[in-house]
Amino acid sequence: MKYSLGPLLYFWPKQDVESFYQRAVDSDADIVYLGETVCSKRREVRLGDWMELGRELAKSGKQVVLSTMALLEAPSEVKVMQNYIDNGDFIIEANDVSAIQLAHEKRLPFVAGPALNLYNAQALNVLLSKGMTRWCMPVELSREWLLKVLAEAEAMGIRDRFEVEVFSYGHLPLAYSARCFSARAENRPKDKCETCCINYPQGLEVKSQEGQAVFTLNGIQTQSGYCYDLSADVTSMQGIVDVARISPQDINSLDVIAGFKRGERQGAAQTHHCNGYWHSIEGMAVHSA
């Protein structure tokens with residue numbers, strides 16, 4: 001099984017982003033996703049910067065993928081996405097159907113990201129005809145569901161035509177909205193947000209009245225309050241999952257990949273970890289082997 005470093009979902013200063021990916025050059029990641037997927041106002045790192053980082057990572061033997069936005073709201077954002085697709089060096093991760101269409105028109109391969117609603121083999125077959133090479137399963141699906149989809153794909157004779165990737169560590173991206181929750185938390189209108197999400201490099205925690213971490217707010221993105229963690233489930237992933245995705249949470253996320261490879265349980269001593277979706281139970285729950 002290979003390990004990927006998912007796209008950075010949070011807004012970090014450019015210097016921190018560059019430092020993180022310079023460290024990633026020597027990390028255990030086999031695949032590295034680069035690019036802004038959450039908000040087009042986050043412009044500290046632009047396409048040229050991502051490309052430069054990508055070339056350095058590629059020199060070290062990493063497969064580099066440019067991730068595109070999950071929610072597009074303006075023609076200018078479509079133009080930026082087109083530039084990502086036309087980069088000339090790396091394949092893209094499509095997180096919106098428009099990215100699939102643009103890549104298909106250029107006859108370019110793509111990864112189907114977890115933001116796409118792909119729940120059965122019939123849908124995967126359609127995307128294969130458009131150029132899909134890898135499918136990152138939606139985060140709320142389970143191992144049981146994955147087995148069912150793969151059985152359908154096998155019956156259709158398409159299972160060997162794509163890789164399967166599973167979001168395996170990090171705060172789950174659950175929903176996207178046209179509203180910016182980070183701005184709202186600071187009583188700012190979205191169009192005058194001043195990219196205040198940079199003040200929350202791991203998102204903004206939202207607790208219930210009982211004090212439970214229910215959600216993490218990250219700009220227009222609503223994430224899980226608990227950190228999803230399949231480090232104890234690697235054995236159950238063998239043979240059906242080709243790539244385990246580690247979503248960057250902080251500078252230490254590169255160590256998480258090494259821990260996965262060594263078989264270490266990341267959340268063994270932490271209370272804010274969960275793995276419920278993988279086991280077909282409520283997402284915030286922890287299933288113990």
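Starting from 1, each residue takes its place in the sequence as its number.
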Is Leu118 reachable from Val65 through a run of I, L, V, M, F, W or Y residues, each pair having side-chain heavy atoms under 4.5 Å apart? no
Between Arg55 and Asp89, does a salt bridge (charged side-chain N to carboxylate O under 4.0 Å, His left out) hold up when you go through it step by step? CA-CA 8 Å; Arg55 294 186 187 104; Asp89 289 327; 3.4 Å; yes
So, Asn218 and His171: side-chain donor and acceptor under 3.5 Å apart, yes or no? no
Mark yes when over 12 heavy atoms from residues, nucleotides or ligands other than Glu52 sit less than 6.0 Å from its CD; otherwise mark no. no
Asp49/Lys14 ion pair, N-O < 4.0 Å: yes
Does atom CD of Glu105 have more than 12 heavy-atom neighbours, drawn from other residues, nucleotides or ligands, at distances under 6.0 Å? yes
Take Ile198 and Tyr10, measure what side chain to side chain contact (heavy atoms under 4.5 Å, CB included) needs, and give me the verdict at the end. CA-CA 8 Å; Ile198 202 168; Tyr10 307 107; over 6 Å; no
Between the side chain of Trp278 and the main-chain N/O of Ser168, is any donor-acceptor distance below 3.5 Å? no
Starting at NE2 of His279, measure out to CD of Glu144 and round the result to the nearest 0.5 Å. 12.0 Å
Quick one: is the NZ or CZ of Arg159 closer than 6.0 Å to the six-membered ring centre of Phe162, and within 45° of its axis? yes
For the pair Leu174 and Ser224, evaluate side chain to side chain contact (heavy atoms under 4.5 Å, CB included) and give the outcome as yes or no after the intermediate values. CA-CA 7 Å; Leu174 300 174; Ser224 60; 4.3 Å; yes
Checking the side chain of Ser208 only, and the main-chain atoms of Glu210 only, is there a donor and an acceptor separated by less than 3.5 Å? yes
So does Lys190 pair up with Glu73, basic N to acidic O under 4.0 Å? yes
Ignoring hydrogens and geometry, is there a side-chain-to-backbone donor-acceptor pair from Asn252 to Asp255 under 3.5 Å? no
For residues Ile281 and Phe167: do they belong to one hydrophobic cluster (side chain heavy atoms under 4.5 Å, members Ile, Leu, Val, Met, Phe, Trp, Tyr)? no
Looking only at heavy atoms, what is the nearest atom pair of Ile158 and Ala121, with distance? CD1-O, 3.9 Å
Candidate pair Glu205 and Thr216, rule side chain to side chain donor-acceptor pair (under 3.5 Å), full reasoning: CA-CA 5 Å; Glu205 186 180 58; Thr216 300; over 6 Å; no
Looking at residues at least two apart in the chain, or sitting in another chain, which of them share a side chain to side chain contact (heavy atoms under 4.5 Å, CB included) with Tyr3? Met1, Asp30, Val234, Ala244, Ile257, Phe260, Lys261
Any side-chain heavy atom of Val80 within less than 4.5 Å of one from Leu47? no
Counting neighbours of CD on Gln15 that are heavy atoms of other residues, nucleotides or ligands and sit closer than 6.0 Å, is the number greater than 12? no
Would you call Glu93-Arg245 a salt bridge at under 4.0 Å N-O? yes
Exercise: identify the closest heavy-atom pair between Ala94 and Ala99: CB-CB, 3.7 Å
Backbone N or O of Pro201 within a donor-acceptor pair of the Trp12 side chain at under 3.5 Å? yes
Quick check: closest heavy atoms across Gly54 and Val64, and the distance to 0.1 Å? O-CG2, 3.4 Å
Of all heavy-atom pairs between Pro189 and Ala183, which one has the smallest distance, and what is that distance? O-CB, 4.3 Å
For residues Gln223 and Leu172, determine if any side-chain heavy atom of one lies less than 4.5 Å from a side-chain heavy atom of the other. no
Whether the side chain of Ser27 engages the backbone of Ala24 through a donor-acceptor N/O pair (distance < 3.5 Å, no angle test) should be reported. yes
With a 4.5 Å heavy-atom cut-off, do Pro248 and Leu9 have their side chains touching? no
Side chain Arg23, main chain Ile251, donor-acceptor under 3.5 Å: yes
Tell me if the CZ atom of Phe181 is crowded by more than 12 foreign heavy atoms within 6.0 Å. yes
OH (Tyr277) and CH2 (Trp145) are apart, to the nearest 0.5 Å, by 13.0 Å
Are any side-chain N or O atoms of Asn275 and backbone N or O atoms of His287, one a donor and one an acceptor, separated by less than 3.5 Å? yes
If you group Ile, Leu, Val, Met, Phe, Trp and Tyr by side-chain heavy-atom gaps below 4.5 Å, do Val38 and Phe20 land in one group? no
Would you check if Trp50 and Leu53 make a side-chain contact, meaning some heavy-atom pair closer than 4.5 Å? yes
Verify the neighbour count for atom CZ of Arg184: are there more than 12 heavy atoms of other residues, nucleotides or ligands below 6.0 Å? no
Does some side-chain heavy atom of Val78 sit less than 4.5 Å from a side-chain heavy atom of Met69? no
Cluster question for you: counting only ILVMFWY and a side-chain heavy-atom cut-off of under 4.5 Å, with indirect links fine, are Val241 and Val243 together? no
Can you tell if the side chain of Val111 reaches within under 4.5 Å of the side chain of Tyr33, non-hydrogen atoms only? yes
What I'd like to find out is whether the side chain of Met137 reaches to under 4.5 Å of the side chain of Leu146, using heavy atoms alone. yes
The reported gap from CG in Leu127 to CG in Leu116 (rounded to nearest 0.5 angstrom) is 7.0 Å
CD of Glu163 to CD1 of Ile31, rounded to nearest 0.5 Å, is 6.0 Å
Side-chain touch Val164/Leu150, heavy atoms, less than 4.5 angstrom: yes
Candidate pair Arg143 and Asp233, rule side chain to side chain contact (heavy atoms under 4.5 Å, CB included), full reasoning: CA-CA 10 Å; Arg143 180 179 186 273; Asp233 299 288; over 6 Å; no
Surrounding NZ of Lys41 (heavy atoms of other residues, nucleotides or ligands, distance under 6.0 Å), is the total greater than 12? yes
What distance separates Tyr84 OH from Ser67 OG, expressed to the nearest 0.5 Å? 8.5 Å
Cluster question for you: counting only ILVMFWY and a side-chain heavy-atom cut-off of under 4.5 Å, with indirect links fine, are Val32 and Phe110 together? yes
Could you tell me if the ring centre of Tyr169 sits under 6.0 Å from that of His273? yes
For the atom pair NZ (Lys62) and CG (Asp26), what is the distance rounded to the nearest 0.5 Å? 7.5 Å
Restricting to non-hydrogen atoms, name the atom on Glu77 and the atom on Ser40 that form the minimum distance, rounded to 0.1 Å. OE2-OG, 2.6 Å
Counting only heavy atoms not in Arg46 (residues, nucleotides, ligands), do more than 12 fall under 6.0 Å from its CZ? no
Could you please spell out the steps behind the side chain to side chain contact (heavy atoms under 4.5 Å, CB included) verdict for Asn120 and Glu152? CA-CA 8 Å; Asn120 54 59; Glu152 292 173 354; 3.9 Å; yes
Gly276 and Tyr228: which non-hydrogen atoms are nearest, and at how many Å? N-CE1, 4.3 Å
Met81 and side-chain contact (heavy atoms from CB on, under 4.5 Å): which partner among Asp86, Ile92, Thr68? Thr68
